[in-house]
Amino acid sequence: MSVRVRFAPSPTGNVHIGNIRAALFNWLFARHAGGKFLLRVEDTDRERSTDEAIRTLLACMEWLGLDYDEEPVYQSRQTARHVAVAEELIRKGAAYRDAKGGGGECVIFRMPKEGRIEYTDLVKGTIRKKAEDTQDFVIVRSDGTPVFHLANVVDDVDMAITHVIRGDDHVENTFKHIELFKAIGAPLPQYAHLPMIVNNQGKPYSKRDGAAFVGEFKEQGYLPEALFNFLLLLGWAPGDDREVLTREEMVQLFTLDRCKSSAARFDIKKLVWMNGEYIRRQPREVFAAEFVSRVRAAGLSTEGADLAGIMDQMQIRTKFYSEIPASCAYFFTDDFPFDAKGVEKRLKAEGVPELLDEVAEKYAALPAFDLQSTHDVLAALGEARGTGLGSMVHPVRVAVSGLTEGPGLFELLVLLGRDKVCARLRQVARRLRDGAL
RNA sequence: GCGCCCAUCGUCUAUCGGUUAGGACACAAGGUUUUCAUCCUUGGAAGCGGAGUUCGACUCUCCGUGGGCGCGCCA
């Protein structure tokens with residue numbers, strides 16, 4: 001029988017990373033097996049399940065490349081079917097009406113009273129429980145609406161789901177679900193329960209622990225491929241030492257028996273590293289497209305700039321695309337901001353304006369303005385003053401870029417070009433004398 | 001309280017009875033008295049405790065301990 005799995009989120013307006021990870025594992029499992037990955041929107045909470053919330057959900061899935069097969073099923077449209085199944089269960093004697101709890105009569109499902117219920121979890125192994133430790137439970141509320149367990153199982157039956165891959169927090173529910181499947185007379189799916197993503201305290205990772213929703217990662221400049229890869233490594237490993245994998249490798253290598261059964265802490269530092277790793281590995285055209293669009297979106301013009309040279313320098317040191325305008329503005333405009341600490345530390349020192357003027361003068365007189373010559377001028381000056389190259393480099397860097405970090409200074413100078421460099425050095429010297437910086 | 005699940009470096013993990021317990025992130029040092037980053041090299045860093053099974057346990061079993069989850073007319 002061919003594999004059919006589903007992602008069954010209830011749209012709340014935000015998509016939690018723990019949730020999307022379940023989607024990711026389901027997707028990988030389906031793609032690996034050549035089966036179907038289905039989407040079921042559990043929108044029975046009409047308050048929160050707005051059209052907007054559903055759009056957010058779909059957008060997050062698309063962003064991560066989690067494409068689904070067949071039309072999405074909207075659970076709220078299946079209510080009549082759920083209730084009909086409950087009626088059927090009453091007829092079979094598997095459920096009964098009761099009025100003890102709230103208002104009117106609800107429908108309660110009968111759990112076995114003796115023996116044991118057990119199943120083989122594809123990641124956790126055999127899980128069993130004595131029947132006496134289970135209790136009958138409500139499947140239709142007294143207002144006539146179906147409860148999660150019923151809806152979930154009936155939909156899985158109707159969608160012919162073969163494998164239920166979901167969070168750890170459902171291991172207990174599975175006993176109820178199995179009995180429901182049996183009572184309905186439907187074949188049991190196989191189960192796989194994924195460990196949870198937890199915070200430093202071992203509690204389920206939540207918005208209080210940092211970015212917890214897919215949308216936040218997107219806003220903060222994470223690449224979907226990096227997030228995807230990182231989330232996969234939380235609970236799964238290929239078995240060899242590879243960590244950065246292509247989507248194809250993931251699909252090919254993914255199996256549930258390689259999933260871990262213990263919870264994983266969310267370590268943002270590794271995600272940050274991985275994001276930089278993905279940016280570095282991107283083909284130049286991809287990086288270039290993103291780079292240019294970020295620069296232009298910040299209102300800067302790339303006219304006349306040595307884009308290829310700049311990108312050579314910047315691709316290896318970019319961790320987030322979102323930081324590009326700030327880290328590169330000085331390449332594209334003379335009106336760039338100065339880092340206050342850098343100014344204080346490198347420019348507000350005795351003799352700096354004179355130094356900058358002198359450098360400008362020497363640079364202007366150079367027969368060729370290149371890596372070697374620009375370096376030699378500063379080296380000679382440092383030598384003459386007995387202060388070394390470092391004390392030349394730092395003020396010049398801040399003067400021409402406003403920043404204390406960036407490409408190697410001489411690479412940076414050549415990329416800017418002699419005219420801009422000299423003009424900026426003189427301008428900064430003037431502003432320093434005028435106390436305007 | 002009852003039940004279920006889990007337990008390797010600080011973190012993510014490899015190991016499926018025999019390894020100097022490997023890799024990655026992070027950290028530290030060096031290559032690099034021009035920064036940041038990249039790259040390379042090096043370093044420190046782990047089997048929760050106790051029994052048992054076995055010639056031999058990180059690995060299997062049991063008992064503790066710790067943590068998580070479940071026990072809704074929530075999903």
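Letters go in sequence order (proteins before strands), and every chain restarts at 1.
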* Just name whichever nucleotide pairs with B/rC39, Watson-Crick or G-U, keeping both distances under 3.5 Å, else none. => B/rG31

* How close or far is atom C1' of B/rC12 from atom CE of A/Met196, stated in whole angstroms? -> 18 Å

* Asked: Relative to A/Tyr363, does A/Arg418 satisfy both conditions: NZ or CZ under 6.0 angstrom from the six-membered ring centre, and within 45 degrees of the ring's axis?
  -> no

* Asked: Where is the tightest heavy-atom contact between A/Met159 and A/Arg4, given as atom of each residue plus distance?
  -> O-NE, 2.9 Å

* Asked: Which part of the nucleic acid, if any, lies within contact of A/Asn200, taking any heavy atom under 4.0 Å across all strands shown: a base, the sugar-phosphate backbone alone, or nothing?
  -> nothing

* Neighbours of RNA chain B within residues 221-234 of chain A, by heavy-atom distance under 4.0 Å -> A/Leu233, A/Leu234

* Has A/Arg265 got a side-chain N or O lying under 4.0 Å from the OP1 or OP2 atom of B/rC9? -> no

* Salt-bridge test for A/Lys129 and A/Glu172: reply yes if a basic N is under 4.0 Å from a carboxylate O, no otherwise. => yes

* Asked: Would a line drawn from the ring center of A/Tyr321 to the ring center of A/Phe291 be shorter than 6.0 Å?
  -> no

* Structure fact -> Mate of B/rA21 across any strand shown (Watson-Crick or G-U wobble, both atom pairs under 3.5 Å) is none

* **Closest nucleotide among B/rC73, B/rC12, B/rG68 to the A/Pro204 side chain** => B/rG68

* Expressed in angstrom and rounded to an integer, what is the separation of A/Leu150 atom CG from B/rA75 atom P? -> 11 Å

* Under 3.5 Å on both distances, the Watson-Crick or G-U partner of B/rG44 -> none

* For the ring pair A/Tyr68 and A/Phe7, is the centre-to-centre distance below 6.0 Å? -> no

* To do: Please state the P separation for the pair B/rC6 and B/rC27 - nearest whole angstrom.
  => 34 Å

* Asked: How long is the line joining CG of A/Asn199 and C1' of B/rC12, in whole Å?
  -> 15 Å

* **Check: B/rG23 base within 3.5 Å donor-acceptor of A/Glu243 side chain** => yes

* Structure fact -> Per-nucleotide protein contact along nucleotides 1-7 of chain B, 5' to 3', at a 4.0 Å heavy-atom cut-off (B base, S sugar-phosphate only, - neither), is --BBSSS

* To do: Please work out if A/Gln135 contacts a base, only the sugar-phosphate, or nothing of the nucleic acid, heavy-atom cut-off 4.0 Å.
  => sugar-phosphate

* Residue matched to B/rU54 through Watson-Crick or wobble contacts both under 3.5 angstrom -> none

* Structure fact -> Separation of B/rC71 atom C1' from A/His170 atom NE2, nearest Å, is 15 Å

* A/Met274 has an atom CE; how far is it from atom P of B/rU13, in whole Å? -> 12 Å

* To do: Would you give a per-nucleotide map of nucleotides 26-36 of chain B, 5' to 3', where B means the base has a protein non-hydrogen atom under 4.0 Å away, S means only the sugar-phosphate does, and - means neither?
  => S-------BBB

* What interatomic distance, in whole Å, is found between C1' of B/rG49 and the corresponding atom of B/rG44? -> 26 Å

* To do: Measure centre to centre between the rings of A/Phe109 and A/Tyr96, then say whether the value is under 6.0 Å.
  => no

* To do: Could you tell me whether A/Arg247 sits above the aromatic face of A/Trp27, with NZ or CZ closer than 6.0 angstrom to the six-membered ring centre and within 45 degrees of the axis?
  => yes

* To do: Rounded to whole angstrom, note down the P distance from B/rU20 over to B/rC58.
  => 13 Å

* Euclidean distance, atom CG of residue A/Asn275 to atom C1' of B/rA37 [Å, nearest integer] -> 15 Å

* Within the 6.0 Å centroid threshold, strictly below: A/His177 and A/His149 -> yes

* Where do A/Gln135 and A/Met111 land on the side-chain contact (heavy atoms from CB on, under 4.5 Å) test, with the steps shown first? -> CA-CA 6 Å; A/Gln135 289 180 331; A/Met111 283 296 272; over 6 Å; no

* Asked: What about A/Tyr278 and A/Phe287, are their ring centers closer than 6.0 Å?
  -> no

* **Evaluation steps, ring pair (Phe, Tyr, Trp, His ring centres under 6.0 Å), between A/Phe338 and A/Phe336** => CA-CA 7 Å; A/Phe338 281 80; A/Phe336 54 87; 5.1 Å; yes

* To do: Give the C-alpha distance, both sets of side-chain angles, the deciding distance and a yes or no for side-chain contact (heavy atoms from CB on, under 4.5 Å) between A/Arg55 and A/Asp51.
  => CA-CA 6 Å; A/Arg55 270 198 298 278; A/Asp51 286 350; 4.0 Å; yes

* **Under 3.5 Å on both distances, the Watson-Crick or G-U partner of B/rG3** => B/rC69

* Asked: Between A/Asn173 (CG) and B/rG72 (C1'), how many Å, whole number?
  -> 11 Å

* Considering every strand shown, what is the Watson-Crick or G-U wobble mate of B/rG49 when both distances are under 3.5 Å? -> B/rC63

* Does A/Phe148 have its ring centroid less than 6.0 Å away from the ring centroid of A/His170? -> yes

* **Distance, P atom - from B/rC4 to B/rC63, rounded to whole angstrom** => 11 Å

* **Separation of B/rA75 P from A/His82 NE2 (nearest whole Å)** => 11 Å

* To do: Name the nucleic acid region contacted by A/Arg242, choosing base, sugar-phosphate or nothing; use a 4.0 angstrom heavy-atom cut-off, strictly under.
  => nothing

* To do: For A/Gly167, answer base if it contacts any base atom (sugar-phosphate contacts may also be present), sugar-phosphate if it contacts only those atoms, and nothing otherwise; contact means non-hydrogen atoms under 4.0 Å.
  => nothing

* Asked: Are A/Glu87 and A/Arg97 ion-paired here, with the side-chain N under 4.0 Å from a carboxylate O?
  -> yes

* Structure fact -> Testing B/rA75, B/rG68, B/rC12 for proximity to the side chain of A/Lys203, the answer is B/rG68

